[in-house]
Amino acid sequence: MVPAAAPARVIAEVAHERLTRLGQDPRVGIGNVFKGLSGLRLSYYHARTSAVSSPGISDGMHLNLGSLLLLANLDLPLKTLSDEVLAPLVEYDAQNHGDLVLTLATFLRLDCSSQRTAAELFVHRNTLRYRLTQIESLTGRSLSSFQNKMHFWVAVIGSGAQAEPQADYLESLHALDPDIHTPTIRPEARS
């Protein structure tokens, strides 16, 4: 957080440079300026949304109505409720080295397109279909229902679940075959 008159872009560049020295591929988001205490939360969420949208420094994201809906009640324990919704998938992933949360987040981010999701995750469409069936079975919610898709979307956003493969996953793919195509997040695919 910096004062409104401070050069936020310059500060973000310095922060990004220092974080890069730590050996990471950092993401730094810049939020818009909003008034008041509730504006601080809105600015933070805007910066967080921007940071998740693309690598490097980002300040171009606009909050959409769904994002604003999540902010409507500042007292709502969204993270706790979201974690509860995703708990069966998180537990399954931990016990089975699975990717159900990643699959769900990617599927929703790509507008529920099975073809694009399978390509993004670098899995066969039947593998994706199996994972989606597991998600439905573990949660008791059908992904053919718009209401359930919205339920999961809010949970994924609220929990901060990652919609891209973790670095160790990509490294394991490269260990098998250095020339293997790995999934990438294309900025134009984000909403």
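All values below come from the heavy atoms of this structure, side chains included, with hydrogens, waters and symmetry mates left out. Quick caveat, the model's predicted, so the values are computed rather than measured. Numbers here are sequence positions counted from 1.
The two atoms that bring A47 and G31 nearest to each other are CB-N, 3.4 Å, heavy atoms only. Of all heavy-atom pairs between V28 and A12, the closest is CG1-CB, 3.8 Å. Residues P88 and L138 share a closest heavy-atom pair of CB-O, 3.7 Å. Minimum heavy-atom separation, A155 to S82: O-CB, 3.2 Å.
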Subject >> Worked check of side chain to side chain contact (heavy atoms under 4.5 Å, CB included) between R141 and H151 >> reply: CA-CA 9 Å; R141 292 182 177 267; H151 179 77; 3.2 Å; yes
Original post:
After noting the C-alpha distance and the side-chain angles of K149 and C112, does the key distance pass the side chain to side chain contact (heavy atoms under 4.5 Å, CB included) rule?
Top reply: CA-CA 9 Å; K149 288 175 187 174; C112 303; 3.6 Å; yes
Subject >> Residue pair L121, D99: steps toward the side chain to side chain contact (heavy atoms under 4.5 Å, CB included) verdict >> reply: CA-CA 10 Å; L121 296 175; D99 289 317; over 6 Å; no
Original post:
Is there a side chain to side chain contact (heavy atoms under 4.5 Å, CB included) between L143 and T133 once you walk through the steps?
Top reply: CA-CA 9 Å; L143 284 167; T133 300; over 6 Å; no
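Between the side chain of D93 and the main chain of L100, a donor-acceptor pair closer than 3.5 Å is present.
Connection of Y130 to L110 is not established within any shared hydrophobic cluster, with ILVMFWY side chains joined at heavy-atom distances below 4.5 Å, either directly or through further cluster members. Under a hydrophobic-cluster definition in which Ile, Leu, Val, Met, Phe, Trp and Tyr are linked whenever side-chain heavy atoms come within less than 4.5 Å, directly or via other members, V14 and I57 are assigned to different clusters. Taken together through direct or relayed side-chain contacts under 4.5 Å among Ile, Leu, Val, Met, Phe, Trp and Tyr, V154 and F146 form part of one hydrophobic cluster.
Note: I135 CD1 to N148 CG = 12.5 Å, rounded to the nearest 0.5 Å. Distance check, rounded to the nearest 0.5 Å: CZ of R116 to CZ of R109 gives 8.0 Å. The line from CZ of R131 to CG of N126 is 12.5 Å long, rounded to the nearest 0.5 Å. Interatomic distance, F152 CZ to S159 OG, rounded to the nearest 0.5 Å: 12.0 Å. Considering CG of L104 and OG1 of T139, their distance stands at 8.0 Å, rounded to 0.5 Å. Taken to the nearest 0.5 Å, the CG atom of L128 stands 7.0 Å off from the CZ atom of F107.
In this structure, E13 places its CD atom where more than 12 heavy-atom neighbours from other residues, nucleotides or ligands lie under 6.0 Å away. Within a 6.0 Å sphere centred on CZ of R125, heavy atoms belonging to other residues, nucleotides or ligands number 12 at most. Within 6.0 Å of the NE2 atom in H97, the count of heavy atoms belonging to other residues, nucleotides or ligands does not exceed 12.
For R21, the side chain to side chain donor-acceptor pair (under 3.5 Å) partners two or more places apart in sequence, or in a different chain, are E17.
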